[in-house]
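Some notes on the structure that comes next.
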Amino acid sequence: MSAWVLPDHIADVLPSEARHIEELRRGLLDTARCYGYELVMPPLLEHLESLLTGTGEALDLQTFKLVDQFSGRSMGLRADTTPQVARIDAHLLNRKGVTRLCYCGPVLHTRPDRPHATREPLQFGAEIYGHAGLEADLEALQLARECLRVADVHNTTIDLADVRIVRSVIAGVPMNAQLLSAIHAALAAKDAGELASLTRDFPPDSRDGLLALLQLYGDQSVLIEAEKALQRFSGVHEVLSNLKWLASRLEGASVTFDLADLRGYAYYSGARFAIYAPGASDALVRGGRYDEVGAVFGRNRPAAGFSLDIKQVVGVVAPRALKAAIRAPWGEAADVNTAIAELRKAGETVVCVLPGHESEVDEFHCDRELVQVAGRWVVQAV
């Protein structure tokens, strides 16, 4: 095999895309900072038992594992950053009040999590800890929307659901983890035949409630239909009211509901959301409430947030124009080098053209040129 061939779903990022990714990374971090979120940088590599504590089988299967040559202990390369941030909140910061944290860094997946996806996403996320009210859910949604606006993603659709609806419908029904997983898969696939087969021995109310969920997707009228279809189940009315409250405060947004969508069901504890955009094969943003995320670290407190893959976002928006720059001659004379240094100090990009390379194209749009006029170096339009 050629030395330059990379593993499947792993790729080099070339200059134009890398510049776009980096500019977006900075923009997202600045946006989160404006909302009061503090940046943290968890390690890419951790002891496996710490990395996977409480995360469930799905994340276990997505995690690359290796052996530490120093200690002989099993190590893992993170597949998701949220559990690490929960550990930071619980153990290292241990604050009593509201804590807002954000992060941005690579994660590694043993398999791509969607068609044509990279196995090395650049994950950006924001988490708010310490507030159980819907205000935290709404803030996470608002920040997620603002991040997509910063990325020039438009015409988005927000899909809302809540894992507590299904939990209420199957409350008290004995089942093992394998059956529960199969039911969730049938709900996600809208497979009525499979769901009917899996629930044939369920109490009639629970069975009918699960089958009703398959039809409960669409606009806000879904919530009215759900009130009627699921009225016998305790707690569902409050959950539906919460979803209505959230939707009513997303001004200008296109909002849909899919009450059978349980992706991440083992992770979320309440409302969850996904944001879709034209040109994307899957959601660009996923988030919601996950109050139990810190419990395994000894501190179970409210938490809500979201994450996205910057590489995925860059892949669905128009490439950014080449950065405007100033072309300058290469030389050893002090006056030209001083002029170049002053321009760079002022924030300009100055590209020195090496001898013999005057006609080459680079990653910058040189719309100005540093030229000598009457013994002085001045910048002129090309």
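These figures come from a predicted structure and were not determined experimentally.
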- Query: By the rule that ILVMFWY residues connect when side-chain heavy atoms come within less than 4.5 angstrom, directly or transitively, which residues belong alongside I10?
  - Reply: none
- Does any N or O in the side chain of Q62 come within less than 3.5 Å of the main-chain N or O of R111, such that one atom is a donor and the other an acceptor? yes
- Should side-chain heavy atoms under 4.5 Å link Ile, Leu, Val, Met, Phe, Trp and Tyr, which residues sit in the same cluster as L354? W330
- Query: Listed by chain and number, what are the side chain to side chain contact (heavy atoms under 4.5 Å, CB included) partners of D367, not counting sequence neighbours?
  - Reply: A324, H365
- Stepwise salt bridge (Lys or Arg N to Asp or Glu O under 4.0 Å) check, E17 with K311: CA-CA 9 Å; E17 185 178 4; K311 291 181 180 179; over 6 Å; no
- Query: With sequence neighbours excluded, what pairs up with V316 under the side chain to side chain contact (heavy atoms under 4.5 Å, CB included) test?
  - Reply: A280, L284
- Message: Quick one: does any side-chain atom of R327 pair with a main-chain N or O of V353 as donor and acceptor, under 3.5 Å?
- Response: no
- Query: Given a cutoff of under 4.5 Å between side-chain heavy atoms of I, L, V, M, F, W and Y, with clusters grown through shared members, what are the other residues clustered with Y217?
  - Reply: none
- One should read off an interatomic distance between L148 CG and L308 CG, to the nearest 0.5 angstrom, of 6.5 Å
- Pairs satisfying salt bridge (charged side-chain N to carboxylate O under 4.0 Å, His left out), at least one member in residues 135-150, at least two apart: R100-E139, D137-R289, E146-R149
- Backbone of F202 reached by a side-chain donor or acceptor of S206 within 3.5 Å: no
- Message: Is it the case that over 12 heavy atoms from other parts of the model lie below 6.0 angstrom from the NZ atom of K65?
- Response: yes
Under 3.5 Å, sequence neighbours excluded: what are the donor-acceptor pairs made by side chains of residues 233-245?
residue	atom	partner	partner atom	Å
H237	ND1	E227	OE1	3.1
H237	ND1	E227	OE2	2.9
S241	OG	H237	O	3.0

- Nearest atoms (heavy-atom pairs only) where N300 meets D291: OD1-O, 2.6 Å
- Given the rule in the salt bridge (Lys or Arg N to Asp or Glu O under 4.0 Å) test, do D309 and R114 qualify, once you have shown the distances and angles that lead to the verdict? CA-CA 12 Å; D309 174 14; R114 62 184 182 278; 3.4 Å; yes
- Under a 4.5 Å side-chain heavy-atom rule over Ile, Leu, Val, Met, Phe, Trp and Tyr, are Y276 and F257 clustered together? no
- Message: Other residues, nucleotides and ligands only: do more than 12 of their heavy atoms fall within 6.0 Å of CZ on R249?
- Response: yes
- Message: List the residues meeting side-chain hydrogen bond (donor to acceptor under 3.5 Å, both in side chains) with S197, not counting sequence neighbours, and say none if there are none.
- Response: R200
- Message: Quick check on the hydrophobic clustering: are F364 and L322 connected, directly or via other members, by side-chain heavy-atom contacts under 4.5 Å?
- Response: no
- Task: Look at the side chain of H184 and the backbone N and O of L180, then say whether any donor-acceptor pair between them is shorter than 3.5 Å.
- Result: yes
- Query: Any sub-3.5 Å donor-acceptor pair from Q84's side-chain atoms to P43's backbone N or O?
  - Reply: yes
- Item | Closest contact, heavy atoms only, A192 versus L211 | O-CD2, 4.0 Å
- Under the side-chain hydrogen bond (donor to acceptor under 3.5 Å, both in side chains) test, residues paired with R26 that sit two or more places apart: E22
- Same cluster (ILVMFWY, side-chain, under 4.5 Å), Y37 and V98: yes
- Shortest non-hydrogen contact from G76 to T63? CA-CG2, 4.2 Å
- Residue pair L122 / G105: nearest heavy atoms and the distance that separates them: CD1-C, 3.5 Å
- Sub-3.5 Å donor-acceptor pair from the side chain of T256 to the main-chain atoms of D219, do we have one? no
- Message: Applying a strict under-4.5 Å side-chain criterion to I, L, V, M, F, W and Y, I'd like to know whether V107 and M41 cluster together.
- Response: no
- Could you walk me through whether D80 and Q123 pass the side-chain hydrogen bond (donor to acceptor under 3.5 Å, both in side chains) check? CA-CA 8 Å; D80 183 25; Q123 189 181 55; 2.9 Å; yes
- Tell me whether L92 is reachable from V85 by hopping between hydrophobic residues (I, L, V, M, F, W, Y) whose side-chain heavy atoms are closer than 4.5 Å. yes
- Item | Closest heavy-atom pair and its distance - Y103, A126 | CE2-N, 4.3 Å
- What residues, two or more places apart in sequence or in another chain, satisfy side chain to side chain contact (heavy atoms under 4.5 Å, CB included) together with P15? E363
- Task: Verify side-chain hydrogen bond (donor to acceptor under 3.5 Å, both in side chains) between R301 and T99, making sure each step is shown before the conclusion.
- Result: CA-CA 11 Å; R301 71 183 192 136; T99 300; 3.1 Å; yes
- Message: Can you confirm whether P42 sits close enough to I88 that some side-chain heavy atom of one is under 4.5 Å from a side-chain heavy atom of the other?
- Response: yes
- Kindly determine whether T338 and D335 satisfy side-chain hydrogen bond (donor to acceptor under 3.5 Å, both in side chains), including the steps that lead there. CA-CA 5 Å; T338 297; D335 57 347; over 6 Å; no
- Message: Restricting to side-chain hydrogen bond (donor to acceptor under 3.5 Å, both in side chains), what partner residues turn up for H357, sequence neighbours left out?
- Response: E360
- Message: Minimum heavy-atom separation for V153 and A277, please, with both atom names.
- Response: CG1-CB, 3.5 Å
- Note on the structure: Apart from W377 itself, its cluster of hydrophobic side chains linked below 4.5 Å comprises I326, V336, I340, L343, V350, L370, V379
- Before giving the answer on side-chain hydrogen bond (donor to acceptor under 3.5 Å, both in side chains), spell out for R119 and H109 the whole-Å C-alpha distance, their side-chain angles and the decisive distance to 0.1 Å. CA-CA 5 Å; R119 290 194 290 163; H109 294 163; over 6 Å; no
- Message: Distance check, rounded to the nearest 0.5 Å: C102 atom SG versus Y35 atom OH?
- Response: 13.0 Å
